[in-house]
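Order of the sequence lines fixes the chain letters, A, B, ..., with proteins taken first and strands second; residue numbering starts at 1 for each chain.
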Amino acid sequence: MSLSARYQPQETETKWYDYWLKKNYFHSEPDEREPFTVVIPPPNVTGVLHMGHMLNNTIQDILVRKARLSGKNACWVPGTDHASIATEAKVVRLLREQGIKKGDIGRDAFLEHAFAWKDKYGGIILDQLKRLGASCDWERTRFTMEPSLSDAVLHVFVNLYEKGRIYRGLRMTQWDPEALTVLSNEEVIYKEENARLFHLKYYRTDNPDLFITIATQRPETIMADVAIAVHPQDERYQSFIGKSVFVPLINREIPIIADAYVDIAFGTGALKITPAHDQNDYEIGKKHKLPVIDILTPNGKLNEKATILVGQDRFEARKNIKKLLEEAGALEKIEDYRTSIGHSERTDAVVEPRLSLQWYVDMKPFAKTALEAVKSGEVKFYPESMFNMYQSWLQEDNIRDWCISRQLWWGQRIPAWFLKTEEEDENQQVFVAKTADDALKQAIEKTGNASLTLADLKQDEDVVDTWFSSWLWPISVFDGFKDPKEIAYYYPTQVLVTGWDIMFFWVARMIMSGYEFSPELLDAVKIKEKGAMPFKAVYYTGMVRDNKRRKMSKSLGNSPDALALIDNYGADGVRFGVLSSAAAGNDIIFDAPFDPKTQEVLNESKLCEQGRNFCNKLWNALRLLQGWEVTEIEKNDGDHAIAELANQWLDARINQTLVLLQDQFNSYRLSEALITVYKLIWDDFCSWYLELIKPAYGEPIQKKVLEQAIAHFEKLMTILHPFMPFVTEEIWHQLKQRAEGEDCVVSVWPTVNEYDKLLIADVDLLKLVTTSVREIRNNHQIKMKEELTLYLQQSILTNQWLHRKGIKEALCKTSVLNEVSLTEEEITNTVTFLGGNDKFYLVINTTINVEEEKGRLVKEIEYYQKFISSVENKLTNEKFANSAPADIVNKERQKLADGQTKLKGLMEALTKLG
RNA sequence: GGGUGAUUAGCUCAGCUGGUUUAGAGCACCUGCCUUACAAGCAGGGGGUCAUAGGUUCGAAUCCUAUAUUACCCA
């Protein structure tokens with residue numbers, strides 16, 4: 001069967017993925033082997049595959065496949081995250097299009113819609129991961145809102161509440177007026193924007209001629225002012241302290257207070273205090289026991305407490321109040337300035353500080369544990385520098401309590417019940433329990449009122465933050481809170497691969513929950529032996545950016561379509577492209593070009609093209625092998641000698657590379673590892689080995705030689721498999737008939753054997769000489785096919801080299817020579833070049849341009865002269881000789897001696913030319 | 001405003017513990033090849049004051065300080 005000249009990834013990829021699934025190769029059950037566990041960072045259930053996922057999951061797949069080949073019990077758990085805000089927003093929008101309002105249909109009906117939607121569209125992303133080749137254990141697919149994982153959330157909530165680590169409190173929060181929910185600080189994105197600073201006059205109540213000017217960005221909130229604050233040392237306002245002023249427009253009287261918080265230099269040095277609508281003002285208000293006047297509705301409109309502009313949106317009100325203030329003569333001036341304004345990560349709405357009752361996790365003890373875990377090296381970060389960011393976040397003075405309640409329905413409902421009769425406030429009695437019945441028992445016990453029934457209780461309306469379920473992911477995917485059997489085997493997981501942007505949202509919190517809960521779930525011996533951490537290492541990927549360095553995002557439309565890329569280049573090609581410029585932690589500038597006309601991103605990539613070309617190269621190497629005729633007759637001729645040399649040499653090179661690869665895998669330098677394998681295959685295997693063993697035109701290849709070549713090829717396919725699984729599996733099967741279950745995906749990673757370093761050096765010289773001869777051919781326009789004669793200077797080294805079995809024959813083959821012999825004389829009328837320290841003389845059948853030759857030699861002589869003098873300078877420096885380590889000094893001496901030998905040779909050659 | 005990183009060839013990046021690196025790769029570029037596996041290829045080549053200025057050291061792309069540019073994190 002003859003193969004097409006180009007590798008066709010499309011059919012091949014589906015074929016093999018289905019086959020692997022059919023053979024259940026990705027499924028893991030606990031056994032006696034060492035586990036290699038990876039949990040996927042669960043993508044949003046609403047998500048579609050983007051470049052970040054491609055990178056992230058390619059890396060995980062490489063690690064998992066490598067572990068599988070290395071004989072470990074590899075288990076990669078996939079799943080999705082319910083992503084409360086994002087998904088709820090999507091479902092709300094969808095319902096709105098159908099004319100249904102969330103509030104009208106009620107909680108249960110809404111959740112039905114949401115689940116229906118999730119069942120229909122959720123998990124698309126998981127199917128897309130299959131196209132990438134992700135070797136996840138799909139039987140273990142989990143979802144953060146499925147019953148078992150929700151139970152874990154409730155369990156942990158109750159547990160932490162009982163430990164006094166969760167509390168309910170009235171706090172200033174970041175409110176999203178569009179999603180109508182509170183946000184955690186981390187969900188607020190600050191953006192630098194143009195804003196205006198309004199200078200407003202507040203007139204004294206005791207003297208209508210005196211006024212104080214304040215500067216504010218938010219004039220629409222003046223109706224909520226409760227005081228003006230100045231710095232106690234501010235000379236300008238000493239006479240104002242203790243007096244009162246009228247709020248413009250509404251003429252409510254408010255006091256002027258002194259507080260050192262006020263920045264004398266900012267604005268006018270006087271600050272309006274609006275506790276309901278500013279975090280800092282709230283703190284000052286509390287300190288000075290000032291009232292709180294909240295003039296905004298949850299969706300950001302002015303309420304009746306504002307008394308004017310009621311019903312208007314905050315931004316509309318800002319415009320309108322400007323006119324009113326002007327008319328009232330209260331507006332002194334407006335200044336432009338730059339400030340950063342918080343936006344909701346999900347809806348992009350400008351967040352509103354809002355006072356509300358929320359649930360919090362006390363983070364101080366957690367932070368300490370999490371910081372210590374990484375500091376001590378129990379959890380390792382790659383790259384290490386990520387620790388700085390981690391530390392600055394977890395430091396005691398930076399850590400904030402985690403607000404975990406969200407005013408949404410899509411998520412785990414907070415397991416807290418209140419008495420219906422009580423006013424909703426901080427002091428309200430609360431019964432935290434897994435079920436309503438348990439809560440009722442508590443209520444009866446605590447109130448002493450035995451007649452209470454479920455009807456007297458009301459469950460908290462809110463759900464917990466999504467991250468409150470995903471922080472349990474490494475435990476809950478194994479149902480660890482229910483049954484410790486699996487987790488005892490799989491925990492701790494090996495490595496977490498994620499972007500650094502969710503280091504705080506997720507990574508830090510998983511470390512916290514891991515140390516908090518795994519000791520309760522696993523026995524002490526196991527913990528002592530394996531550790532309590534959720535993962536031993538974290539590999540942080542960079543953000544994927546476009547060629548203008550913008551983060552690739554759906555909203556910018558600057559991300560190529562991941563699936564279209566796979567269509568264009570094959571999954572292997574895309575995996576190659578995505579990985580090859582992705583050192584850990586570094587942002588990746590993905591090279592997809594933009595259409596110059598439409599400015600739309602194209603689904604093209606030079607790097608992916610390189611990956612595709614690599615597949616094609618492999619494919620053609622296979623075609624070469626398959627095209628050879630085979631002979632059983634063994635001849636002890638030159639070809640045989642070459643084949644033996646090539647065989648031993650490639651074996652040495654593979655072993656040498658395996659050592660390097662292991663080091664690169666251990667330190668997670670995967671893009672380097674890929675390049676290493678790429679070069680081994682393209683340069684060593686294809687360009688040198690195959691060319692060496694290639695029989696002359698029309699001649700057959702010896703059976704043994706072909707078998708050796710196939711064995712090498714097969715080994716290389718195993719080594720490349722983690723990076724490019726599809727093409728390697730295909731070639732693996734094309735190479736020879738396979739028994740049932742004899743597949744590349746479950747082949748055995750080669751063990752490292754001793755290898756002959758001298759042989760590698762000898763072949764290096766062979767390559768060097770060959771390249772030099774080819775260059776001379778190029779320069780003198782000598783045809784590749786024309787056979788030439790080569791002499792080499794007699795020396796111990798050249799003598800040994802040329803007498804290694806196969807070298808001479810190999811050199812004749814690669815350099816197209818009819819004769820190679822040693823000489824003690826300078827050979828005239830030849831082109832001289834250096835190989836190592838020795839001189840080589842190439843006889844060419846055209847007249848040599850003496851001037852040109854001289855020029856070439858002079859250039860080389862100059863290079864070595866400069867080189868020698870720099871080494872000499874070093875060596876004659878006494879301080880160097882005295883303080884540098886002996887081996888460095890010896891190396892320098894060797895460098896000098898080699899340089900001098902080379903220089904001498906070149907000078908002689910130059911003299912010969914006359 | 002506080003912090004962290006980056007700056008190496010036209011582009012995208014390696015270069016780990018300072019010394020076999022007067023700096024490597026891929027792409028792009030130049031020259032020559034449709035050579036019987038592969039033009040998605042082969043053979044060869046050119047191209048860098050390692051951002052700038054100081055310093056430490058026998059020795060600096062690598063360590064330190066400052067500056068510039070740039071990206072991000074936090075408020």
Mind checking A:Glu691 for me? I need base, sugar-phosphate or nothing, with any heavy atom below 4.0 Å counting as a touch.
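Touches a base.
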
Base, sugar-phosphate, or nothing for A:Glu892, non-hydrogen atoms under 4.0 angstrom?
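No contact at all - A:Glu892 keeps every heavy atom at 4.0 Å or more from the nucleic acid.
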
For the side chain of [X], counting heavy atoms from C-beta on, which of [options] is nearest?
X: A:Gln610; options: B:rC73, B:rG26, B:rU20; answer: B:rG26
X: A:Arg612; options: B:rA40, B:rC72, B:rC58; answer: B:rA40
X: A:Ile888; options: B:rU36, B:rG19, B:rC72; answer: B:rG19

Go through A:Lys767 and A:Asp684 one step at a time and tell me if the salt bridge (charged side-chain N to carboxylate O under 4.0 Å, His left out) criterion holds.
CA-CA 10 Å; A:Lys767 290 181 184 175; A:Asp684 293 311; 3.3 Å; yes

Answer yes or no: side-chain N or O of A:Lys617 and base N or O of B:rC38 forming a donor-acceptor pair under 3.5 Å.
yes

Could one point to a donor on the side chain of A:Arg669 or the base of B:rC16 with an acceptor on the other under 3.5 Å away?
yes

Counting only side-chain N and O atoms of [X], is one of them less than 4.0 Å from OP1 or OP2 of [N]?
X: A:Lys606; N: B:rA28; value: yes
X: A:Arg6; N: B:rA40; value: yes
X: A:Asn388; N: B:rG5; value: yes
X: A:Lys783; N: B:rC33; value: no

Residue pair A:Val182 / A:Gln174, side-chain heavy-atom distance below 4.5 Å:
no

Can you tell me if A:Glu872 has over 12 outside heavy atoms packed within less than 6.0 Å of its CD?
yes

Within 6.0 Å of CD in A:Glu11, more than 12 heavy atoms from elsewhere
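Count over threshold, so yes.
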
Can you see whether A:Trp402 has A:Arg509 sitting over its ring - NZ or CZ less than 6.0 Å from the centre and within 45° of the normal?
yes

Within residues 678-686 of chain A, those residues having any heavy atom closer than 4.0 Å to RNA chain B are A:Lys679, A:Trp682, A:Cys686

For RNA chain B, what residues of residues 766-782 of chain A have any heavy atom nearer than 4.0 Å?
A:Thr771, A:Arg774, A:Glu775, A:Asn778

Full working for side-chain hydrogen bond (donor to acceptor under 3.5 Å, both in side chains) between A:Ser580 and A:Gln610:
CA-CA 10 Å; A:Ser580 57; A:Gln610 196 188 342; 5.2 Å; no

Given Watson-Crick and G-U pairs under 3.5 Å, RNA chain B in dot-bracket ([ ] crossing, | other strand) is (((((((..((((.....[....)))).(((((.......))))).....(((((..]....)))))))))))).

